[in-house]
Amino acid sequence: MDLQDKAFFLRTFGCQMNVNDSERIAGVLAAAGARPAERAEDADIVIVNTCAVREKSEEKLYAYLGRVRPRPGGRPVLIGVAGCVAQAETAELLARRPFVDFIVGPDNYLRLPEIIRRAGGPTVVADEWSIEWKETPEALIHRESPVTAFVSIMEGCNNFCSYCIVPFTRGREKFRPLRAIRAELAALSARGYLEILFLGQNVNSYRDPETGTPFAALLAEAGRMPGFRWIRFLTSHPKNFSADIVEAMTSCPVLCREVHLPLQSGSTSVLARMNRGYTREEYLAKAALLRQRIPGISLSTDIIVGYPGETETEFRDTLSALETLRFTNIFSFRYSPRPRTAAAKGADDVPFETKKRRLMEVQALQKEIQSALHKSLVGSIMTVLGVGPSRRDPAVFSGRNESHQVVNFRSPTDPAGRFVRVRITGAGPYSLRGDLVDD
Ligand code: 5AD
Ligand code: SF4
């Protein structure tokens, strides 16, 4: 199919990395003459950009594909699947959803116009990997927000945590040349972007492939560029979170006092089985250093419950770590075996009911912690970046603070895209409430 004047609909599942990939896909399709459709029903091409990290995300893909599949007598539509799944499970995808017209892995998005031109017969599979970084020209990134920009700095992972599919879907680490990052930052600064989010599976291990410049130096340099108010980065690995990164963060107020640092488990023995490369004590020491050097810093994390062999005592270690660390936010998951991973070769021996109960315990404890953290903020005034109207009340707007907490507040005008001051008047476990402060 030729893309000129065709309507495409893009559905994205997964993390910010996938959202950023979708911004590229949309940009590449638009540059080839296609336009975005409001709904899948109106599109000539439907692309699902997926995540394969957990079993649940993959089930979402299959369910969604079932919904958008072409019906006999319905309008002709090309169906494509993009993202990690393409790399990991092409065979299963073809067996379960044979009507998929094309499958395209993360290193092949620039080739989409040509792939779509060939699609319509047998499924076209473009799952080649490249060892080198593939640069997407800034003009081909169709950014969703005029305020917050995602900037990819590395891709892939060399860590092989035993539960994780990412090294098999995104391949080995590859780093984006610093000069390309610099050029993108300069363009974003000139266009008035206020918030930057550096992205990569393990951003701390970043090194400029040309000069060896480390991540801490990239952060410090970005922090000195004009225009940006907040700079964040995602995801960090505790074992690579070195002191020079902490120092860069202390030296520059634009670098948000906020770090997402996946703990996964609070038990040293589980961490060893997971091949995480740090102990409970090492993690606690890093967190303590961050808290000491950057007062007021917020930490958030990922937790897996029910990893193979996890005993009740090991699980209790995770609960006690959560109590000690008091994260601003956590993402918690039941372990699910993923194809090709080391953990999937052994038994998935924690019963489902036990996993479910442990997940509920983790979430109940975290809910208490967050409620208390949020309550302690009532009465304070904080800077909030407005996002848009809240879902329930058109007079209430939603935004995020430096710690990335959700703040819902009353404001006479729509504060979307602006930094405003908000007085906090109330708090629940998942958000803060407040009123705009006139200044
Ligand atoms: N089962 C459950 N959770 C997983 N994650 C990664 N792989 C699995 C798995 N097999 C979680 C980790 C990771 C997050 C992105 O997803 O917590 O940090
Ligand atoms: Fe997966 Fe571990 Fe790499 Fe994170 S560090 S992407 S959990 S293998």
Side-chain angles (χ1 to χ4, degrees), residues 13-21 50-60 83-85 87-89 106 152-175 199-206 215 233-242 259-267 270-278 282-283 286 299-310 315 318 321-322 325 327 329-350 352 354-356 358-359 362-363 366:
F13 295 116
C15 62
Q16 277 101 335
M17 197 92 172
N18 260 22
V19 174
N20 183 229
D21 279 352
T50 67
C51 165
V53 162
R54 291 173 299 274
E55 211 166 49
K56 219 168 160 182
S57 22
E58 213 177 303
E59 286 314 315
K60 271 198 220 156
C84 310
V85 157
Q87 232 85 20
E89 281 171 282
S152 202
I153 63 167
M154 59 89 63
E155 243 211 276
C157 186
N158 295 353
N159 288 319
F160 291 93
C161 300
S162 44
Y163 52 81
C164 186
I165 198 172
V166 167
F168 306 98
T169 58
R170 296 263 174 178
R172 292 303 80 71
E173 284 178 350
K174 44 193 169 183
F175 302 131
L199 289 177
Q201 267 81 28
N202 183 8
V203 288
N204 316 143
S205 69
Y206 176 81
F215 181 61
F233 49 90
L234 199 72
T235 295
S236 299
H237 193 300
K239 92 178 142 72
N240 301 111
F241 205 99
S242 46
V259 175
H260 184 71
L261 201 59
L263 168 65
Q264 311 300 0
S265 165
S267 153
V270 173
L271 289 169
R273 298 207 294 281
M274 285 178 165
N275 191 31
R276 286 291 287 172
Y278 55 88
E282 283 163 351
Y283 186 99
K286 286 229 164 126
L299 299 177
S300 60
T301 206
D302 293 348
I303 296 289
I304 298 176
V305 299
Y307 184 77
E310 185 185 66
F315 169 63
T318 295
L322 291 179
L325 288 157
F327 291 106
N329 195 11
I330 70 166
F331 299 89
S332 49
F333 313 103
R334 283 190 301 268
Y335 167 76
S336 57
R338 307 303 295 128
R340 298 166 69 187
T341 60
K345 298 196 170 69
D348 175 16
D349 57 2
V350 177
F352 183 75
T354 308
K355 287 182 189 166
K356 223 166 107 179
R358 289 180 183 169
L359 187 66
V362 159
Q363 291 176 347
Q366 182 60 24

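All figures in this text were calculated on a predicted structure; none of them were measured in a lab. Whatever order the structure lists them in is the order used to number ligands and atoms, beginning at 1.
Counting atoms of ligand 2 from 1 in the listed order, those under 4.0 Å from a heavy atom of Pro167 are 8 (S). Per-residue contacts place Phe160 under 4.0 angstrom from the following atoms of ligand 2 (heavy atoms of the residue considered): 8 (S). Close approach of ligand 1 to Tyr335 (heavy-atom distance below 4.0 Å) involves ligand atoms 1 (N), 2 (C). Of all atoms in ligand 1, listed by their number and element, those nearer than 4.0 Å to a heavy atom of Arg338 are 10 (N). Numbered from 1 in the order shown, with element, the atoms of ligand 1 that lie under 4.0 Å from a heavy atom of Gln264 read 12 (C), 13 (C), 17 (O), 18 (O). Heavy-atom proximity to His237, at under 4.0 Å, picks out these atoms of ligand 2: 5 (S).
Taking atom 2 (Fe) of ligand 2 as the reference point, the nearest protein heavy-atom neighbour is Cys161 SG, 2.3 Å. What sits closest to atom 7 (N) of ligand 1 on the protein, heavy atoms only, is Tyr163 CD1, 3.3 Å. Scanning the protein for heavy atoms near atom 7 (S) of ligand 2, the closest one is Tyr163 OH, 3.3 Å. Looking only at heavy atoms of the protein, atom 5 (S) of ligand 2 is closest to Asn159 ND2, 3.3 Å. Scanning the protein for heavy atoms near atom 4 (Fe) of ligand 2, the closest one is Arg276 NH1, 4.3 Å. Shortest contact from atom 6 (C) of ligand 1 to any protein heavy atom: Val53 CG1, 3.4 Å. At the top of the distance list for atom 1 (N) of ligand 1, counting protein heavy atoms only, stands Ser336 N, 3.0 Å. When hydrogens are left out, the protein atom nearest atom 16 (O) of ligand 1 is Arg54 NH1, 2.6 Å; that is the closest non-hydrogen contact. The protein heavy atom nearest to atom 1 (Fe) of ligand 2 is Cys164 SG, 2.2 Å.
For Gly83 against Pro106, the heavy-atom pair with the smallest separation is O-CD, 3.7 Å. In terms of heavy atoms, Val259 sits closest to Ser236 at CG1-OG, 4.2 Å. Summarising the geometry of Gln201 relative to Gly156, their closest heavy-atom pair is OE1-N, 2.9 Å, with the distance given to 0.1 Å.
Cation-pi geometry between Arg54 and Phe333 is met: under 6.0 angstrom from the ring centre, within 45 degrees of the axis.
A salt bridge does not link Arg273 to Glu310: none of the charged nitrogens lies less than 4.0 Å from a carboxylate oxygen.
Looking at ligand 1, you'll find an N or O of Asp302 within less than 3.5 Å of one of its N or O atoms.
Using modelled atom types, no side-chain atom of Lys239 and backbone atom of Gly277 make a donor-acceptor pair closer than 3.5 Å.
Using the six-membered ring where Trp is involved, Tyr283 and Tyr278 have ring planes that are tilted, between 30° and 60° apart.
Side chains of Gln366 and Ser332: no donor on one and acceptor on the other come within 3.5 Å.
Taking CG of Asp302 as the start and CG of Asn329 as the end, the distance is 9.5 Å to the nearest 0.5 Å. Rounding to the nearest 0.5 Å places CG of Leu261 at 9.0 Å from NE2 of His237.
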List the steps, then state whether ring pair (Phe, Tyr, Trp, His ring centres under 6.0 Å) holds for Phe315 with Tyr307. CA-CA 9 Å; Phe315 169 63; Tyr307 184 77; over 10 Å; no

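Put simply, Cys157 stays out of reach of atom 1 (Fe) of ligand 2, with no N, O or S atom under 2.8 Å from it.
Remark: distances from the non-hydrogen atoms of Arg334 to ligand 1 include one below 4.0 Å.
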